[in-house]
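Small disclaimer: the values here were computed from a predicted structure and weren't measured. Remember, it's 1-based here, ligands and their atoms both numbered in the order they're listed.
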Amino acid sequence: MNVFIDSNGVVKRNGVNTLKMISRTRLIYSFSPRNEPVETAKPGELVLFETIDALGGQIKSEDMTLNELDWSKVDGATGPLYVEGAEAGDTLVVDILDIRVEEIGVMVVIPKYGALGHMDFKPRVKLVRIKDRLVHFDGIKLCAHPMIGTIGVAPGEGEVPAGSLGRHGGNMDTKEVRAGTRLYFPVFAEGALLAMGDLHALQANGELCVSAVEVSGEVLVKVDIIKGKQPPWPILETDDHLAVLACGNTLDEACTYASETAVKGIAGARGLSFEEAYMLASLTVDLEINQVVDPKKGVRAVIPKELIGNVEHLFIG
Ligand code: CA
């Protein structure tokens, strides 16, 4: 994929003028049905989202202290995009076609935060170079796997801070949200109001220290709609599996939600009783941790595709 902006500001993909672009200056700090759309797209259209890193692009030097950060500029997401025809009760389908990240990412550790927040440690800022698809962490080279930390639609009412997560998506920090995957979001508000940001050049399951390689960049997506039905949680599709992306106040709660959708989906897909589907899921469905450091904890139930076939078997309450 070759996406770039020419000297006239026209976005091109593989040399063809195709798509719409949303600048990284168009930021929201909460997902809400009241957010004004900054762009519209029809089903099937491509849209390029420019994104800012989760720290608002504020950290340019390792000498900067966290006290100097303007925390009101943290966790911004680009958007929202109004998808024509999307209504509450539908599903928004988002194909992640390409993710490009810039060459410098940033990591932080913040006292009291992360999986080890109870321990005594100092605040620290670290710049990390990303080059030739490698993350250079001091002398250690790691394969970059660009992913989207925050992506979601508006909730039905109220607002959810962009640093949090829920049934609408949000700050899911799920390492599998990469180029080549497809996401299904339940639509709660007219137009769906898709927004995204918080790219990571690399993150492991858990995101232990509360920071991945936070980086600015751009994401090319194609949007589509499935009318009149929706999953209870965002669903991620890869070539070989479907994953229910659930969250809860605890990991236990998140596991329960993810498992319930997976087992009901398998029962429906295979024509099995709950008991049989429950047993089959115990043999085939992997519960994996998305992250343990955000306001809600995230888990995914990973279901082999050959077991369930059509994703719509997961569109159950
Ligand atoms: Ca994040």
Side-chain angles (χ1 to χ4, degrees), residues 24 27-31 49-59 66 69-80 94 96 99 101-102 104-110 112-117 123-128 130 135 144-153 159-179 181 183 185 194-219 233-234 236 243 245-249 251 254 288-300:
R24 66 172 61 110
L27 293 170
I28 58 168
Y29 294 92
S30 63
F31 286 87
F49 287 74
E50 262 192 354
T51 66
I52 191 92
D53 72 57
L55 296 152
Q58 299 179 79
I59 297 181
L66 295 174
L69 272 187
D70 178 349
W71 290 91
S72 72
K73 293 182 177 168
V74 168
D75 288 328
T78 301
V94 182
I96 303 169
I99 302 175
V101 296
E102 294 187 351
I104 301 289
V106 59
M107 296 195 71
V108 294
V109 286
I110 309 170
K112 297 190 169 41
Y113 279 81
L116 302 180
R124 175 81 200 280
V125 170
K126 185 179 189 64
L127 295 182
V128 178
I130 305 143
V135 167
H145 290 295
M147 51 159 279
I148 306 170
T150 298
I151 181 167
V153 297
E159 59 180 7
V160 182
S164 192
L165 60 158
R167 292 182 187 270
H168 70 291
N171 187 20
M172 297 188 291
D173 288 327
T174 299
K175 74 174 191 180
E176 286 205 339
V177 181
R178 295 176 181 164
T181 63
L183 286 162
F185 291 100
L194 175 69
M196 67 187 76
D198 182 25
L199 301 185
H200 299 161
L202 183 61
Q203 181 211 305
N205 286 335
E207 201 185 12
L208 282 184
C209 86
V210 85
S211 163
V213 178
E214 311 292 337
V215 65
S216 298
E218 54 190 32
V219 181
W233 295 97
L236 179 135
L245 308 181
C247 64
N249 293 318
L251 277 178
E288 297 177 355
I289 290 174
N290 294 335
Q291 54 71 30
V292 296
V293 297
D294 292 327
K296 292 191 172 187
K297 313 307 172 204
V299 164
R300 60 186 182 272

Give a yes or no answer on whether the side chain of [X] reaches the backbone of [Y] with a donor-acceptor pair at less than 3.5 Å.
{"X": "Glu288", "Y": "Arg300", "answer": "no"}
{"X": "Asp294", "Y": "Lys296", "answer": "no"}
{"X": "Glu207", "Y": "Val293", "answer": "no"}

In the protein, how many N/O/S atoms are under 3.0 Å from the Ca ion (ligand 1)?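 Number of qualifying protein atoms: 4.
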
Checklist entry - Roughly how far, to the nearest 0.5 Å, is the CE atom of Met172 from the CG atom of Asn290? => result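 Here the rounded value is 8.0 Å.
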
*Tell me, yes or no, whether the heavy-atom count around Leu66 atom CG, taken from other residues, nucleotides or ligands under 6.0 Å, exceeds 12.*
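It does: Leu66 CG has more than 12 such atoms within range.
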
- request: Ignoring hydrogens and angles, state whether a donor on the side chain of Asn171 or Ser164 is under 3.5 Å from an acceptor on the partner side chain.
  value: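 The criterion, which ignores hydrogens and geometry beyond distance, is not satisfied for Ser164 and Asn171.
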
